[in-house]
Engineer: 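Structure provided below as structure tokens; questions to follow.
Each chain gets a letter, A, B and so on, in the order its sequence line appears, and its residues count up from 1.
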4 protein chains.
Amino acid sequence: MPRRKAQDDKHWATQPEQTKSLGSLRWAIAEGYIPEGSTGPEPEMLSHETACVLNANDQEAHIRLTVYFSDEEPIGPYLVTIPPRRTRHLRFNNLSDPAPIPRGKDYSSVIESDVPIVVQHTRLDSRQAANALLSTIAFAAD
Amino acid sequence: MPRRKAQDDKHWATQPEQTKSLGSLRWAIAEGYIPEGSTGPEPEMLSHETACVLNANDQEAHIRLTVYFSDEEPIGPYLVTIPPRRTRHLRFNNLSDPAPIPRGKDYSSVIESDVPIVVQHTRLDSRQAANALLSTIAFAAD
Amino acid sequence: MPRRKAQDDKHWATQPEQTKSLGSLRWAIAEGYIPEGSTGPEPEMLSHETACVLNANDQEAHIRLTVYFSDEEPIGPYLVTIPPRRTRHLRFNNLSDPAPIPRGKDYSSVIESDVPIVVQHTRLDSRQAANALLSTIAFAAD
Amino acid sequence: MPRRKAQDDKHWATQPEQTKSLGSLRWAIAEGYIPEGSTGPEPEMLSHETACVLNANDQEAHIRLTVYFSDEEPIGPYLVTIPPRRTRHLRFNNLSDPAPIPRGKDYSSVIESDVPIVVQHTRLDSRQAANALLSTIAFAAD
């Protein structure tokens with residue numbers, strides 16, 4: 001299906017390679033809250049909170065996630081490995097080791113990696129009849 | 001439940017420590033508006049506007065929040081202390097000293113701290129039958 | 001109502017002044033679209049698209065807004081003055097000089113100022129029975 | 001309709017030109033997911049995922065978009081040309097060359113350009129009775 005013009009190919013051929021060093025080693029998500037109820041078919045419509053992590057490198061990314069609360073010491077690290085050239089949409093709902101994230105409780109999270117990654121935060125809230133969504137790029141700390 | 005492989009532990013052990021200097025000293029949220037009505041059970045479904053603040057430091061964070069309007073001088077500072085390694089999801093609805101934030105009125109806010117923090121802005125709008133959500137990382141000013 | 005402890009006041013008194021140089025001189029919002037229909041009471045529930053602009057300076061901000069389209073030359077500049085220490089939530093729906101923004105058509109916008117400002121983008125979409133909201137910090141171009 | 005005061009024109013006339021070098025050459029969107037169902041009239045209410053790209057330059061932008069998955073090698077590049085001073089709201093739903101994006105599957109994307117661009121990510125999810133929206137500025141990688 002490559003129907004591109006030769007002239008266009010020339011432009012794109014001169015662009016830099018993309019895969020190296022895309023992102024940051026430390027990220028923070030200040031908002032965090034897993035709603036307690038849901039409406040609609042699961043698992044798609046289950047209320048959830050996600051950290052989407054892109055590893056565009058040619059090496060594995062070893063991720064450490066730490067969760068902060070308002071009234072107790074942080075929990076973590078949660079350890080996750082992402083293969084080279086892969087994305088992982090981490091659902092906070094599913095984290096269990098060293099401990100599950102409590103529902104209906106405010107938290108924040110910090111995500112560290114040994115290679116540069118990109119992190120985006122998304123929530124689906126289906127507590128009422130229709131879905132609500134939020135998303136933001138996380139804070140790149142370095 | 002630590003079922004990690006020794007090989008993985010090696011990767012994570014070599015990562016830098018995360019807790020120091022994560023964030024920025026000054027943040028701004030240009031959007032601000034507390035809706036006047038709500039639908040659904042309170043306090044979870046009460047329409048509200050939040051500044052989520054993460055203090056990942058080993059010291060207290062002393063926060064000054066100033067609120068700007070379209071037609072009058074700014075109000076503030078609102079003073080908040082966040083303990084070491086804690087998050088605080090500040091509801092603008094609940095701020096009262098030096099003055100409550102007016103409902104149904106446009107505003108912006110600036111948040112300053114004596115140690116680096118991370119700030120994210122979230123609104124739940126439940127004026128109509130279903131929730132609507134928005135969220136964004138705030139602007140890191142320095 | 002200042003019921004703060006003297007110890008706390010000491011911390012905050014040593015913080016830097018906030019009002020100068022907060023923000024950036026150029027901002028871009030790549031997303032732009034004014035929905036054509038609305039549900040619910042106006043003007044609060046009218047579908048709209050907003051650029052929230054904070055001028056935390058002690059001087060006026062002179063703003064130039066330019067709107068880009070997919071299929072014709074940009075329109076602008078739209079000129080707006082924001083007084084010192086004020087916010088302005090600019091509704092794209094209300095811009096009229098040099099021309100109104102077409103409804104139901106993709107656009108982007110660039111906002112320039114002669115003093116640093118902070119810009120956040122918000123949309124309320126009330127075309128279906130419940131509101132939907134989106135918001136993001138704009139891109140700070142310098 | 002230019003009813004501006006001469007004094008104001010002076011302020012704006014001294015502002016820098018905006019059109020050059022606005023943006024970044026590499027962007028990443030870590031979140032990506034095209035919902036499988038929709039409610040409401042199409043094409044406006046069709047569930048979709050968009051990368052809004054602003055080319056504020058006086059030259060064409062040659063864009064390369066690469067899509068990353070959780071369980072297979074990346075697909076791309078998708079090649080797109082954006083004329084000078086134009087915006088393009090790219091719907092991931094419509095990408096077909098070299099391959100369509102699978103529905104109901106997590107992905108991330110990287111967008112590279114030979115001139116600076118600005119990228120914002122938006123999703124409309126109409127799987128339930130009311131719309132849900134999310135949007136965020138993408139991550140500017142350099």
Side-chain angles (χ1 to χ4, degrees), chain A residues 1-5 7-24 27 39-41 44-45 50-56 82-91 116-126 128-140, chain D residues 25-33 35-37 39 60-64 66-74 76-77 79-81 96-99 104 106-115 120-142:
Chain A
M1 257 169 299
R3 292 161 305 183
R4 294 148 201 154
K5 294 182 301 183
Q7 182 187 359
D8 288 347
D9 278 337
K10 185 189 65 190
H11 291 295
W12 283 294
T14 60
Q15 290 188 5
E17 290 299 310
Q18 79 179 31
T19 48
K20 304 265 174 33
S21 303
L22 180 69
S24 180
W27 293 83
T39 304
E44 295 84 358
M45 301 293 178
T50 306
C52 301
V53 182
L54 169 61
N55 174 19
I82 305 181
R85 300 175 302 281
R86 293 292 184 275
T87 185
R88 185 70 52 89
H89 293 204
L90 295 170
R91 287 195 180 199
I117 56 173
V118 180
V119 179
Q120 184 170 340
H121 170 229
T122 300
R123 181 189 301 158
L124 169 69
D125 180 345
S126 59
Q128 292 194 341
N131 288 340
L133 284 172
L134 65 79
S135 188
T136 182
I137 186 74
F139 175 71
Chain D
L25 296 177
R26 286 203 304 168
W27 293 83
I29 303 172
E31 167 70 282
Y33 183 84
E36 292 189 84
T39 304
E60 280 190 341
H62 302 94
I63 311 288
R64 290 163 57 104
T66 305
V67 179
Y68 292 80
F69 300 98
S70 61
D71 56 359
E72 51 177 308
E73 286 294 316
L79 303 183
V80 180
T81 299
S96 61
D97 179 3
D106 294 338
Y107 64 88
S108 296
S109 55
V110 171
I111 300 173
E112 301 169 280
S113 174
D114 57 353
V115 294
Q120 184 171 340
H121 170 230
T122 300
R123 182 190 300 158
L124 170 69
D125 180 344
S126 60
R127 289 174 294 176
Q128 292 193 341
N131 288 340
L133 284 171
L134 65 79
S135 188
T136 182
I137 186 74
F139 175 71
D142 63 306

Engineer: Side chain from CB out, backbone as N, CA, C, O: work out which of these in A:Ala51 comes under 4.5 Å of a heavy atom of chain D, or both, or neither.
Structural biologist: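 When you check distances to chain D, no heavy atom of A:Ala51 falls under 4.5 Å.
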Engineer: Mind checking the CZ-OG spacing from D:Phe139 to A:Ser24? Nearest 0.5 Å is all I need.
Structural biologist: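 Interatomic distance, D:Phe139 CZ to A:Ser24 OG, rounded to 0.5 Å: 6.0 Å.
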Engineer: Once you round to the nearest 0.5 Å, how far does OG1 of D:Thr66 lie from CZ of A:Arg85?
Structural biologist: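 Rounded to the nearest 0.5 Å, the OG1-CZ separation comes to 12.0 Å.
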Engineer: Quick one: of A:His121, A:Arg88, A:His89, who has the most non-hydrogen atom pairs under 4.5 Å with chain D?
Structural biologist: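 When all of A:His121, A:Arg88, A:His89 are compared, A:His89 has the most.
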Engineer: Flag the one option from A:Leu54, A:Ile137, A:Thr87 with the top tally of heavy-atom pairs under 4.5 Å to chain D.
Structural biologist: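 Looking at each option in turn, the highest pair count goes to A:Thr87.
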Engineer: Tell me, side chain or backbone of D:Glu72 under 4.5 Å from chain A's heavy atoms, or both, or neither?
Structural biologist: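 Just the backbone, heavy atoms under 4.5 Å.
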Engineer: Out of D:Ala141, D:Pro74, D:Ala138, return the one with the most heavy atom pairs under 4.5 angstrom to chain A.
Structural biologist: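 Top count of heavy-atom pairs under 4.5 Å with chain A: D:Pro74.
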Engineer: First locate atom OH of D:Tyr68, then atom CG of A:Leu22, and finally report the distance between them rounded to the nearest 0.5 Å.
Structural biologist: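 The CG atom of A:Leu22 is 7.0 Å from OH of D:Tyr68, to the nearest 0.5 Å.
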Engineer: Looking just at side-chain N and O atoms, do D:Glu31 and A:Ser135 make a donor-acceptor pair shorter than 3.5 Å?
Structural biologist: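 On atom types as modelled, these side chains do not qualify, holding no pair under 3.5 Å.
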Engineer: Heavy-atom distances under 4.5 Å only: say whether A:Val118 touches chain D with side chain, backbone, both or neither.
Structural biologist: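 For A:Val118, heavy atoms of backbone and side chain both lie under 4.5 Å from chain D.
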Engineer: Relative to chain A, which segment of D:Phe69 carries a heavy atom at a distance below 4.5 Å: side chain, backbone, both, or neither?
Structural biologist: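 Interface part for D:Phe69: backbone (N, CA, C, O).
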